[in-house]
There are 2 protein chains.
Amino acid sequence: MDRHTEVTPSDIQEMNDGVDTWVANDFSGTCPVRDVLDRVGDKWSVLVVLRLGRGPERFRALLRAVAGISQRMLTVTLRGLERDGLVHREVFDTRPPSVEYSLTPLGHSLLGHITGLANWAVEHEADIAQAQAAYSHKHD
Amino acid sequence: MDRHTEVTPSDIQEMNDGVDTWVANDFSGTCPVRDVLDRVGDKWSVLVVLRLGRGPERFRALLRAVAGISQRMLTVTLRGLERDGLVHREVFDTRPPSVEYSLTPLGHSLLGHITGLANWAVEHEADIAQAQAAYSHKHD
DNA sequence: CTGAATCCCCAACGATACTG
DNA sequence: CAGTATCGTTGGGGATTCAG
């Protein structure tokens, strides 16, 4: 099996301990998962991508749609996503100016996975709350 | 469609703008996705869960396995995951003491999704780098 | 070996005000 | 409307030390 091609759960189970280099190792170099996490793992990127998964949207609409995000952070987040090629920015020369953001094909390819995460979050909301309660109980 | 049951990409496309409350909205309450992000969206949780997806592992082994994590952060991260019911902690009364960490069923259910993310990261490593290069070029 | 406690710093983030 | 600029805060997390 060649690394940097595909990683399935079963592959992971099969990998040997000796020279595994795909993730979570102290190899000298960079870990692609670490990179993505540093990038998309911030406070807002996932929520913005998730929202744009519904379709293109303008700045102000996004600002209203994403709960709690500030104007500044929306700008910063969108710039980051644009820079990484996940989001496309299109300026319409109107008055007043309007800018539309949309997912690129790359962004869409990510959307599927984080949608899965979102589903998981909704589905297991209760389980986590319950686990927390049990934990608190065990530790006074 | 009832919220808090299942969210598929197609569902997302179909949702109306009026009273959508599943995510990324300024509704008065809590967003499950926001919650999970605050929890698992930290610097290390995903990598630790990913690693434990390969099988149970002891503290010291995890410390070596997860690139760059400090002793303190491994402890903190594991506590958080344990508290949320994603990780099980088992103490063996030996000398010296040994503690084994493993994924709970809930943790395994999450594993699938973040493995998908890991795959995506590996697969699109190059695309992102290329997008970044193009972006830097366009903006001097 | 596992892990708690302490100290400290910096980068991420929020609020606000200003511009084209 | 869509940003940019500036400032202040905070808490995440790294290094280190101590303990069972």
Side-chain angles (χ1 to χ4, degrees), chain A residues 24 26 31 34-49 51-52 56-84 87-102 135 138-140, chain B residues 24 26 31 34-49 51-52 56-84 87-102 135 138-140:
Chain A
D26 49 348
C31 170
R34 173 79 276 158
D35 289 343
V36 167
L37 255 42
D38 287 340
R39 195 168 317 286
V40 165
D42 62 39
K43 192 170 179 179
W44 299 110
S45 289
V46 167
L47 287 180
V48 169
V49 170
R51 178 70 191 190
L52 286 179
E57 212 154 20
R58 292 178 51 183
F59 186 89
R60 180 80 19 192
L62 277 171
L63 194 59
R64 280 189 300 262
V66 179
I69 196 171
S70 66
Q71 191 169 14
R72 168 184 149 78
M73 286 317 296
L74 180 56
T75 301
V76 170
T77 301
L78 286 170
R79 287 295 171 277
L81 294 173
E82 186 192 0
R83 177 188 171 89
D84 295 341
V87 160
H88 173 67
R89 177 174 182 268
E90 185 156 13
V91 182
F92 296 95
D93 197 6
T94 58
R95 293 233 17 189
S98 74
V99 180
E100 189 179 81
Y101 292 92
S102 56
Y135 186 92
K138 281 180 63 176
H139 301 70
D140 311 336
Chain B
D26 50 346
C31 169
R34 173 79 277 159
D35 289 343
V36 166
L37 255 42
D38 287 340
R39 196 169 314 288
V40 164
D42 61 40
K43 192 171 182 180
W44 298 110
S45 289
V46 167
L47 287 180
V48 169
V49 170
R51 177 68 190 192
L52 286 179
E57 211 154 22
R58 293 179 50 184
F59 186 88
R60 181 90 3 202
L62 277 171
L63 195 60
R64 281 190 300 263
V66 179
I69 197 172
S70 67
Q71 194 170 12
R72 168 183 149 77
M73 285 318 295
L74 181 56
T75 301
V76 171
T77 301
L78 286 170
R79 287 295 169 279
L81 294 173
E82 186 193 359
R83 176 185 172 90
D84 296 341
V87 160
H88 173 67
R89 178 174 181 267
E90 185 155 12
V91 182
F92 295 94
D93 195 7
T94 59
R95 295 237 11 188
S98 74
V99 180
E100 191 179 79
Y101 292 92
S102 56
Y135 186 92
K138 281 180 63 177
H139 301 71
D140 309 337

* **Approximate separation, where rounding is to 0.5 Å, of A/W44 CH2 and B/L37 CG** => 9.5 Å
* Asked: By salt bridge (charged side-chain N to carboxylate O under 4.0 Å, His left out), which residues pair with B/D35, not counting sequence neighbours?
  -> none
* **Derivation of the side-chain contact (heavy atoms from CB on, under 4.5 Å) call for A/T75 and A/F59** => CA-CA 8 Å; A/T75 301; A/F59 186 89; 3.5 Å; yes
* **CG on B/L78 to CE on B/M73, rounded to 0.5 Å** => 10.5 Å
* B/R58 CZ to C/dT2 C1': how many Å, rounded? -> 9 Å
* Whole-Å distance separating the CG atom of B/L62 from the C1' atom of C/dT2 -> 12 Å
* Walk along DNA chain D from 5' to 3' and tell me the first and last nucleotide with an atom closer than 4.0 Å to a non-hydrogen atom of chain A. => D/dC1 to D/dT6
* How many Å lie between CZ on B/R95 and C1' on C/dT2, as a whole number? -> 13 Å
* DNA chain D contacts made by residues 73-83 of chain A, counting heavy atoms under 4.0 Å -> A/T75, A/R79
* With a 4.5 Å heavy-atom cut-off, do B/L62 and B/R51 have their side chains touching? -> yes
* Asked: Of all residues at least two apart in sequence or in a different chain, which pass the side chain to side chain donor-acceptor pair (under 3.5 Å) check with B/R79?
  -> B/Y101
* To do: Please report the closest heavy-atom contact between A/L63 and A/L74, naming both atoms and the distance.
  => N-CD2, 3.6 Å
Write out a two-atom table: protein N or O, nucleotide N or O from nucleotides 15-18 of chain C, distance below 3.5 Å.
none

* Structure fact -> Note: for B/P97 and A/K43 on DNA chain C, the residue whose nearest nucleotide lies more 5' is B/P97
* **Whole angstrom value for the distance that separates P of C/dC13 from CG of B/D42** => 13 Å
* To do: Check for a donor-acceptor pair, side chain of A/S45 on one end and backbone N or O of A/G41 on the other, with a separation under 3.5 Å.
  => no
* Go through the structure and list residues passing salt bridge (charged side-chain N to carboxylate O under 4.0 Å, His left out) with A/R83, not counting sequence neighbours. => none
* Asked: NA contact type, B/Y101, heavy-atom cut-off 4.0 Å: base, sugar-phosphate, or nothing?
  -> sugar-phosphate
* Using side-chain contact (heavy atoms from CB on, under 4.5 Å) as the criterion, point out the one residue from B/T77, B/L52, B/L47 that pairs with B/V66. => B/L47
* Structure fact -> Rounding to 0.5 Å, atoms CZ (B/R34) and NZ (A/K43) come to a distance of 6.0 Å
